[in-house]
**Student:** 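Before I ask anything, let me first share the structure, which is written out below as structure tokens.
Along the sequence shown, residues are numbered consecutively beginning with 1.
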Amino acid sequence: MKKNIRTFAIAMAIVFSNNMVYFAETESSLQEQIEQNNSNIQELEKKKNEIIDQIGVESEELQGVLNEIDSKSLELQKAQAEVEFYQSKIDGVQAEINSINVEIENANNEISLKESLIEEKKKEEEEAKGLLENRIRSYYKIDIASNMLYMILESKSLSEFFSNVEDVIKIMSMDKQLVQELRDIQNQLHNEKEEINKKLEEIEISKNSLVEKQEELLKVQEELLVKKNEHESKMNELYVLETEKTSIINSLSSQEEQLENEIGDLTAYNEELEAQLNSILNEINNNSGNNQNNGGTVNNPSSEGFIRPGYGPVTDDFGPRINPVTGVAGYHRGVDFADPYGAPVYASKSGVVAYSGWMSDFGNVVIIDHGGGVQTLYAHNSQLLVSNGQAVSQGEVIAYVGSTGMSTGPHIHFEIRINGQAVNPWNYL
Ligand SMILES: [Zn+2]
């Protein structure tokens, strides 16, 4: 018998009401679908939690890699500083070597200058010697007797003769003296050159010691560079590891997000199914005469002086309800009237608009203050027609039906609040 009533009620649910067709599935198939969805949600939650665990593990590993990168980069910096320190030492020694090379070049230039001077003086000496030899030869080559005779004949007196002989001797001794002077200059130049050579040898010894020192520095630096390169290649390995870990975490996060979306879709689907189920149950209640309604309609105020905010059927009633996702007991603080999108929302009673605007879960909401701590609330509207502080009269259109905020379809979420506490609206409607 009960089943027959239900079948009738379901048939009644498929009626033209306020120009809208409300379609309902059978109660049991709805229940089954809801249960199926819930088990799917649980399955997805399990997978999501596994992925969150994996993300935890990977993140910990990534943190380890990042820590290693930090300590390695410190070591690398130290190695880099050491290499640079040695480089500055090497540069200093190189500068010394360069200035010594300049000294060596100067000394070599001086030496070649001395050598060319010596060469010059040698030539001059050769010439002077040649001159002297020529003179001597010409004196000795000539027949001395005839020459003497010539000088005697030519000389006007004996004294002139001696004076001529003396002149010859004088010239020859001047030639000799010139040769000697040239030889002295050459000796002096030789000495100077020797001194420069000695200096050059000293310079070269100190240069050799600098070159040795530089070779040692280069060897140490070479070792430091090897160490530095090792640090660098280790750093590169760590960077590769970091990139890998990051991409793993990103892919896990996107999987998690996808599961979250699927869970959200299923949750919304279940809310819709539950609304349908409630609507069917409501129809059953209405038809079996168990409605809590005490007489108020959209047009006629109840004995308490309230009217309904819309014509739509009740799709979710006031009272406790089990959250389909978490399984935790919750509470629906109002009554949902499933009016179509854009339908008018009526003020349940005259009053002053206490709030007209956005509230996250309620979307576009109107709250009317009726005095004496009594307020009515109309949520999820598509458009608001009143503003804060405005006086409204009962039955006045205050908004249009919508699905803003936490809502799965167009409806009016209607609450009556007394001193801030939501009460069962059916006690006043
Ligand atoms: Zn609601």
Side-chain angles (χ1 to χ4, degrees), residues 54-122 184-254:
Q54 263 179 281
I55 289 173
V57 170
E58 294 292 339
S59 296
E60 222 167 275
E61 282 181 32
L62 177 62
Q63 197 49 55
V65 170
L66 291 175
N67 289 345
E68 255 191 278
I69 286 175
D70 276 354
S71 77
K72 268 291 152 199
S73 83
L74 270 181
E75 282 182 59
L76 183 61
Q77 269 174 24
K78 242 194 262 172
Q80 181 66 37
E82 274 187 275
V83 168
E84 274 161 19
F85 173 70
Y86 271 87
Q87 190 56 51
S88 75
K89 272 192 171 185
I90 289 163
D91 289 346
V93 173
Q94 187 58 51
E96 280 186 70
I97 289 171
N98 289 346
S99 86
I100 279 182
N101 280 339
V102 169
E103 279 184 61
I104 289 170
E105 206 186 315
N106 287 345
N108 279 327
N109 286 343
E110 268 187 82
I111 287 167
S112 33
L113 183 68
K114 298 286 174 200
E115 274 168 355
S116 71
L117 280 175
I118 289 166
E119 211 51 49
E120 224 173 87
K121 295 296 159 194
K122 218 181 231 171
D184 287 347
I185 289 168
Q186 278 182 69
N187 281 340
Q188 204 193 326
L189 285 168
H190 260 294
N191 288 343
E192 281 169 14
K193 187 188 143 188
E194 271 323 295
E195 232 166 87
I196 294 165
N197 259 332
K198 225 187 258 170
K199 207 172 96 191
L200 190 62
E201 270 167 32
E202 278 167 29
I203 291 170
E204 278 185 339
I205 284 166
S206 66
K207 183 191 162 176
N208 285 344
S209 91
L210 278 172
V211 166
E212 231 168 75
K213 190 171 150 197
Q214 199 185 32
E215 272 166 10
E216 273 171 39
L217 285 170
L218 281 168
K219 224 165 91 186
V220 176
Q221 200 199 30
E222 193 62 37
E223 281 166 26
L224 287 170
L225 276 171
V226 167
K227 216 164 86 183
K228 188 195 135 194
N229 287 342
E230 277 172 11
H231 286 315
E232 258 171 357
S233 74
K234 180 71 187 163
M235 279 283 275
N236 287 337
E237 277 173 36
L238 287 169
Y239 282 136
V240 169
L241 213 60
E242 186 200 352
T243 309
E244 276 175 16
K245 290 281 163 210
T246 306
S247 87
I248 288 171
I249 288 167
N250 286 344
S251 120
L252 284 171
S253 293
S254 78

**Student:** Glu222 versus Leu218: any side-chain heavy-atom pair under 4.5 Å?
**Tutor:** no
**Student:** Within a 6.0 Å radius of atom NZ on Lys72, are there more than 12 heavy atoms belonging to other residues, nucleotides or ligands?
**Tutor:** yes
**Student:** Let me see the working for Glu192 and Gln188 under side chain to side chain contact (heavy atoms under 4.5 Å, CB included), right down to the final yes or no.
**Tutor:** CA-CA 6 Å; Glu192 281 169 14; Gln188 204 193 326; 3.4 Å; yes
**Student:** Just one of Lys234, Glu230, Lys228 clears the side-chain contact (heavy atoms from CB on, under 4.5 Å) bar with Glu232, so which one?
**Tutor:** Lys228
**Student:** Whether Glu242 and Lys245 form a salt bridge (side-chain N of Lys/Arg under 4.0 Å from carboxylate O of Asp/Glu) is what I want to check.
**Tutor:** no
**Student:** Once rounded to the nearest 0.5 Å, what's the spacing between atom OH of Tyr239 and atom OG1 of Thr246?
**Tutor:** 12.5 Å
**Student:** Would you say the side chain of Val240 lies within less than 4.5 Å of the side chain of Glu244, judging by non-hydrogen atoms?
**Tutor:** yes
**Student:** Looking at Gln94, I want to see if its CD is surrounded by more than 12 non-hydrogen atoms of other residues, nucleotides or ligands under 6.0 Å.
**Tutor:** yes
**Student:** Distance from Glu223 atom CD to Lys219 atom NZ, nearest 0.5 Å?
**Tutor:** 7.5 Å
**Student:** Output the distance between atom OG (Ser116) and atom CD1 (Ile111), rounded to the nearest 0.5 Å.
**Tutor:** 12.5 Å
**Student:** What distance separates Leu189 CG from Lys122 NZ, expressed to the nearest 0.5 Å?
**Tutor:** 11.0 Å
**Student:** Who pairs with Gln186 by side-chain hydrogen bond (donor to acceptor under 3.5 Å, both in side chains), at least two apart in sequence or on another chain?
**Tutor:** Glu125
**Student:** Using side-chain hydrogen bond (donor to acceptor under 3.5 Å, both in side chains) as the criterion, list what pairs up with Gln63, not counting sequence neighbours.
**Tutor:** Asn67
**Student:** Can you tell me how far the NZ atom of Lys114 sits from the CG atom of Asn197, to the nearest 0.5 Å?
**Tutor:** 12.0 Å
**Student:** Excluding sequence neighbours, so at least two apart, what forms salt bridge (charged side-chain N to carboxylate O under 4.0 Å, His left out) with Lys199?
**Tutor:** none
**Student:** Are any of the side-chain heavy atoms of Glu96 and Ile100 separated by less than 4.5 Å?
**Tutor:** no
**Student:** By the definition side-chain contact (heavy atoms from CB on, under 4.5 Å), identify the one residue from Ile205, Asn106, Asn108 that meets it with Leu200.
**Tutor:** Asn108
**Student:** Enter the distance from Ile69:CD1 to Asn236:CG here, rounded to the nearest 0.5 Å.
**Tutor:** 10.0 Å
**Student:** Under a 4.5 Å cut-off applied to non-hydrogen side-chain atoms, are Val220 and Leu224 in contact?
**Tutor:** yes
**Student:** Gln77: which residues meet the side-chain hydrogen bond (donor to acceptor under 3.5 Å, both in side chains) condition with it, sequence neighbours left out?
**Tutor:** none
**Student:** Quick one: which residue pairs count as a side-chain hydrogen bond (donor to acceptor under 3.5 Å, both in side chains) with a foot in residues 81-91, not counting sequence neighbours?
**Tutor:** Gln80-Glu84, Gln87-Asp91, Gln87-Gln221
**Student:** Who pairs with Lys207 by side-chain hydrogen bond (donor to acceptor under 3.5 Å, both in side chains), at least two apart in sequence or on another chain?
**Tutor:** Asn101
